[in-house]
S.K.: 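Got a structure here, written out as structure tokens. Questions coming.
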Amino acid sequence: SRAGPFRSGRATSPPAPPGAGAARDLRVWTPLLSLTLLRLAVLLLLVFFHRPAYSSGMHGSDEVGLAEAWHAEFVNHGVDVVFNGHDHDFEYLVADGVNYYVIGGGGAALREFTKPPLPETVYREVINHAVVVDVDEQQLSLVPYRIDGSVIEEAVLSLSAPPPQP
């Protein structure tokens, strides 16, 4: 365990009733997401979940309303990076200062892009890959590697003081 100003929060939700579907799940999760983000005073805020809010991959963006439901929460609470999978490719997107990574090339069958790049897309590639994230007191370094060891698109985020608690 690393000592320092880094803390994590975890939101959990009661299981959705049978047949509730994804829209019902978002109505349950969104208040929990907001409350969890509000309670964190950290230098760096990373969010992980499966389906991407933004993607030009086979499944695409927002198939269950994630961008509409959660993107404003991420912006309002200063989320730095959102990691997703679901689409079997690599895509880096930036929306309103939030960095989104679709990192779905870990070994399952890759899927070609079926849609044009989104306006938020910075880089995309259909490639097996792994992502190494290193955090210290000054910065986060995120380096996605192809399986041949070459770097896809390195990112470095400088850390600043945590936001004041409301």
S.K.: H59 and side-chain contact (heavy atoms from CB on, under 4.5 Å): which single residue from R111, H88, K115, R51 fits?
M.R.: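 Testing H59 for a side-chain contact (heavy atoms from CB on, under 4.5 Å) against R111, H88, K115, R51 leaves exactly one candidate, R111.
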S.K.: Are any non-hydrogen side-chain atoms of Y100 and V98 less than 4.5 angstrom apart?
M.R.: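 Yes - at least one pair of side-chain heavy atoms lies under 4.5 Å apart.
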S.K.: Without swapping roles, check the side chain of H86 against the backbone of P52 for a donor-acceptor pair under 3.5 Å.
M.R.: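 A pair under 3.5 Å: no.
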S.K.: Which word best sums up how the rings of F83 and Y101 line up, parallel for under 30°, tilted for 30 to 60°, or perpendicular for over 60°?
M.R.: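 Ring orientation, 0 to 90° scale: parallel.
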S.K.: Got a donor-acceptor contact below 3.5 angstrom from the N128 side chain to the I147 backbone?
M.R.: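 Such a contact is absent between N128 side chain and I147 backbone.
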S.K.: With no hydrogens and no angle check, just 3.5 Å: does a side-chain donor-acceptor pair link T121 and E91?
M.R.: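 Yes, side-chain donor-acceptor contact under 3.5 Å.
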S.K.: With a 4.5 Å cut-off on side-chain heavy atoms, are S158 and Q138 touching?
M.R.: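 Not in contact.
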S.K.: Strictly by modelled atom types, are D87 and S55 linked by a side-chain donor-acceptor pair under 3.5 Å?
M.R.: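 There is such a pair (donor and acceptor under 3.5 Å, judged by atom type) between the side chains of D87 and S55.
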S.K.: Grab the two heavy atoms, one from H129 and one from V131, that are nearest each other, plus how far apart they are.
M.R.: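 Heavy-atom minimum between the residues: CD2-CG2, 4.1 Å.
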S.K.: Quick check: closest heavy atoms across P116 and R124, and the distance to 0.1 Å?
M.R.: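 That would be C-NH1, 3.8 Å.
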S.K.: Would you mind reporting whether F90 and P144 have side-chain heavy atoms less than 4.5 Å apart?
M.R.: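 Counting from C-beta outward, P144 and F90 do come under 4.5 Å.
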S.K.: Just do the side chain to side chain contact (heavy atoms under 4.5 Å, CB included) check on E153 and E125 with the steps written out, would you?
M.R.: CA-CA 10 Å; E153 180 80 13; E125 184 174 349; over 6 Å; no
S.K.: Identify which one of L157, L44, V156, D134 satisfies the side-chain contact (heavy atoms from CB on, under 4.5 Å) criterion when paired with Q139.
M.R.: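 Between Q139 and the candidates, side-chain contact (heavy atoms from CB on, under 4.5 Å) is satisfied uniquely by V156.
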S.K.: In terms of hydrophobic clusters joined by side-chain contacts under 4.5 Å, are V143 and V135 together?
M.R.: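 No, it is not one cluster - the side chains of V143 and V135 are not joined through contacts under 4.5 Å.
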S.K.: For F113 and G57, work out which heavy atoms get closest and say how close.
M.R.: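 Shortest heavy-atom separation between F113 and G57 comes out as CD2-CA, 3.7 Å.
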S.K.: Check the side chains of N84 and H50 for a donor-acceptor pair under 3.5 angstrom, ignoring hydrogens and angles.
M.R.: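 Result is no, nothing qualifies.
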S.K.: Are V132 and V81 linked, directly or through other ILVMFWY residues, by side chains that come within less than 4.5 angstrom of each other?
M.R.: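 No, V132 and V81 fall in different hydrophobic clusters.
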S.K.: Considering only heavy atoms from C-beta outward, does the side chain of I152 approach that of I127 to under 4.5 Å?
M.R.: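 Yes; the side chains approach each other to less than 4.5 Å.
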S.K.: Within the 4.5 Å heavy-atom criterion, are F49 and L66 side-chain neighbours or not?
M.R.: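 Of all side-chain heavy-atom pairs linking L66 with F49, at least one is under 4.5 Å.
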S.K.: Does W70 share a hydrophobic cluster with V75, counting links as ILVMFWY side-chain heavy atoms below 4.5 Å and allowing steps through other members?
M.R.: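 In one cluster with W70: V75, yes.
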S.K.: So, for Y54 and V102, which heavy atoms are closest and what is the spacing to 0.1 Å?
M.R.: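 Result for this residue pair: O-CG2, 3.6 Å.
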S.K.: Going by distance alone, is a donor N or O of one side chain under 3.5 Å from an acceptor N or O of the other, for Y92 and N99?
M.R.: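 Judged by distance alone, the side chains do pair up.
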